[in-house]
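Here's the structure, in structure tokens; my notes come after.
Excluded from the calculations below are hydrogen atoms, water molecules and symmetry mates; all remaining heavy atoms, backbone and side chain alike, are included.
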Amino acid sequence: MWGAIVNYVFQGENIANNRYVENIGKKILYKEGRYDAKTNKFKPFIEK
């Protein structure tokens, strides 16, 4: 599961389709300042 969380944080993909993974990933991104309030979206560390 930790790999899925890391994947979500860096690439923005929830390959496990697990809400728990997504929630933890969002918390990490929010604390790192990767949340865009204008678009109401999280920005992964590696953007396409």
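In this pair, Phe42 and Tyr30 present their aromatic rings perpendicular. The plane angle is above 60°, beyond the 30 to 60° band.
Of all heavy-atom pairs spanning Gln11 and Pro44, the tightest one is C-CB, 3.7 Å. Across every non-hydrogen atom of Ala4 and Ala16, the tightest pair is CB-CB, 4.1 Å. In this structure, Glu13 and Asn7 approach most closely via the heavy-atom pair O-ND2, 3.4 Å.
Taking a 6.0 Å sphere around NZ of Lys43, one finds it holds more than 12 heavy atoms contributed by other residues, nucleotides or ligands.
Asn14 places a side-chain N or O within 3.5 Å of a backbone atom of Asn18 that can act as its donor or acceptor partner.
Side-chain contact check for Glu32 versus Phe45: some heavy-atom pair is nearer than 4.5 Å. By the 4.5 Å heavy-atom criterion applied to side chains, Met1 and Val21 are counted as neighbours. By the 4.5 Å heavy-atom criterion applied to side chains, Leu29 and Tyr8 are counted as neighbours.
Atom-to-atom distance recorded for Lys27:NZ and Ile5:CD1 is 10.5 Å, nearest 0.5 angstrom. The structure places CZ of Arg34 at 14.5 Å from NZ of Lys41, a figure rounded to the nearest 0.5 Å.
Clustering ILVMFWY residues whenever any of their side-chain heavy atoms sit less than 4.5 angstrom apart, transitively, puts Ile15 in a cluster other than the one holding Ile28.
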